[in-house]
Amino acid sequence: EVQLVESGGGLVQPGGSLRLSCAASGFTFSSYHMSWVRQAPGKGLEWVSAISSGGASKQYADSVKGRFTISRDNAKNTLYLQMDSLKTEDTAVYYCAARRVGLGLVVTANRNEYNYWGQGTQVTVSS
């Protein structure tokens, strides 16, 4: 069974940090590009960041560039998102998503463009 399980969300004050994890199982993690996508309350999905299958290529949305860092450990089948200098507007449910290497690395929040999608973890930034 394919699973993407996010963890690490929670309540944090503005300016604080959180590290999200996404544990993958049931498929060959190293053969998939990975992305983080978020959904703020009452809003649509927003693409946040992507990393290539080997980790060499990384991309970020302008809204998080310089504050968030995406990484992966293929030996542990785990994707990470280090979030620093958090703002109230970062409040959202954060999802990890997998896209097979043969389909290319994409910058999109469209669920149909991904092979697998997690259940999400809530991040709340508030004082």
Side-chain angles (χ1 to χ4, degrees):
E1 178 189 6
V2 170
Q3 282 193 312
L4 289 173
V5 180
E6 301 93 337
S7 62
L11 174 64
V12 62
Q13 292 186 340
S17 297
L18 281 176
R19 188 195 196 201
L20 304 184
S21 298
C22 170
S25 61
F27 64 102
T28 306
F29 182 69
S30 59
S31 295
Y32 285 74
H33 304 311
M34 298 297 296
S35 291
W36 287 99
V37 177
R38 68 186 180 185
Q39 186 166 27
K43 297 189 177 181
L45 293 168
E46 177 190 14
W47 174 82
V48 174
S49 183
I51 186 168
S52 58
S53 58
S57 179
K58 302 177 183 181
Q59 298 183 47
Y60 299 94
D62 287 343
S63 58
V64 306
K65 199 171 295 182
R67 300 187 298 118
F68 290 11
T69 303
I70 192 170
S71 63
R72 65 190 295 163
D73 185 336
N74 285 348
K76 295 182 178 180
N77 291 344
T78 303
L79 172 73
Y80 303 101
L81 185 68
Q82 178 66 41
M83 305 187 296
D84 299 317
S85 302
L86 282 161
K87 304 176 180 180
T88 55
E89 51 263 44
D90 294 319
T91 295
V93 177
Y94 284 73
Y95 301 93
C96 62
R99 180 176 168 92
R100 196 164 56 248
V101 166
L103 299 176
L105 185 66
V106 295
V107 174
T108 181
N110 184 346
R111 292 188 66 147
N112 293 328
E113 295 293 334
Y114 295 96
N115 299 101
Y116 308 121
W117 192 273
Q119 292 302 306
T121 186
Q122 175 70 48
V123 172
T124 302
V125 185
S126 175
S127 55

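Throughout, residue positions are numbered sequentially from 1 according to the sequence presented.
- By the rule that hydrophobic residues join a cluster once side-chain heavy atoms approach within less than 4.5 Å of another member, M83 and L79 end up as members of one cluster.
- Although no hydrogens or angles enter the test, the distance criterion places a donor-acceptor pair under 3.5 Å between the side chain of R72 and the main chain of S53.
- L20 is not listed as a side-chain neighbour of E6, based on a closest heavy-atom distance of 4.5 Å or more.
- With values rounded to the nearest 0.5 angstrom, N74 atom CG is found 10.0 Å from M34 atom CE.
- Side chains of S7 and T121 form no contact here, defined as non-hydrogen atoms less than 4.5 Å apart.
- The two residues P14 and S127 make their nearest non-hydrogen contact at CD-N, 3.7 Å.
- Under the 4.5 Å side-chain heavy-atom criterion for grouping Ile, Leu, Val, Met, Phe, Trp and Tyr, I51 is not connected to W47 through any hydrophobic cluster.
- The shortest non-hydrogen separation linking T78 to S21 is CG2-CB, 4.3 Å.
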With a cut-off of 3.5 Å and sequence neighbours excluded, list every side-chain donor-acceptor pair involving residues 101-115.
| residue | atom | partner | partner atom | Å |
| --- | --- | --- | --- | --- |
| T108 | OG1 | N110 | N | 3.0 |
| N110 | OD1 | N112 | N | 2.9 |
| E113 | OE1 | R99 | NH1 | 3.0 |
| Y114 | OH | S35 | OG | 3.4 |
| Y114 | OH | T108 | O | 2.6 |
| N115 | OD1 | R100 | N | 2.7 |

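- Checking T124, L86, T91 one by one against V12, the side-chain contact (heavy atoms from CB on, under 4.5 Å) holds for a single residue, L86.
- The hydrophobic clustering, which links ILVMFWY residues whose side-chain heavy atoms are closer than 4.5 Å, places L18 and V37 apart.
- Residues L4 and Y95 are not in side-chain contact: their nearest non-hydrogen atoms beyond the backbone lie 4.5 Å or more apart.
- Put simply, the side chain of S25 does not reach to within 4.5 Å of the side chain of N77, judged on heavy atoms.
- Using cut-offs of 30° and 60° on the angle between ring planes, the pair F27 and Y116 is tilted.
- Formation of a donor-acceptor pair under 3.5 Å by the S85 side chain with backbone atoms of G15 is not found in this model.
- A donor-acceptor pair is defined here as one N or O able to donate and one able to accept, closer than 3.5 Å; no such pair exists between the side chain of K58 and the backbone of T69.
- Here the closest non-hydrogen pair linking G9 and V123 is CA-CG2, 4.1 Å.
- A donor-acceptor contact closer than 3.5 angstrom is absent between the side chains of S63 and E89.
- Each of L45, V64, V93 was evaluated against R38; a single residue qualifies, V64, per the side-chain contact (heavy atoms from CB on, under 4.5 Å) test.
- Across all their heavy atoms, D73 and F29 have their closest contact at O-CE2, 4.0 Å.
- Not less than 6.0 angstrom separates the ring centroid of Y94 from the ring centroid of W36.
- One hydrophobic cluster, built from ILVMFWY side chains closer than 4.5 Å, cannot hold both Y80 and I70; they sit in different ones.
- Residue Q119 qualifies as open at atom CD: its count of foreign heavy atoms under 6.0 Å is 12 or below.
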(request) Take K65 and D62 through the test salt bridge (charged side-chain N to carboxylate O under 4.0 Å, His left out) and record every step on the way to the result. (result) CA-CA 5 Å; K65 199 171 295 182; D62 287 343; 3.2 Å; yes
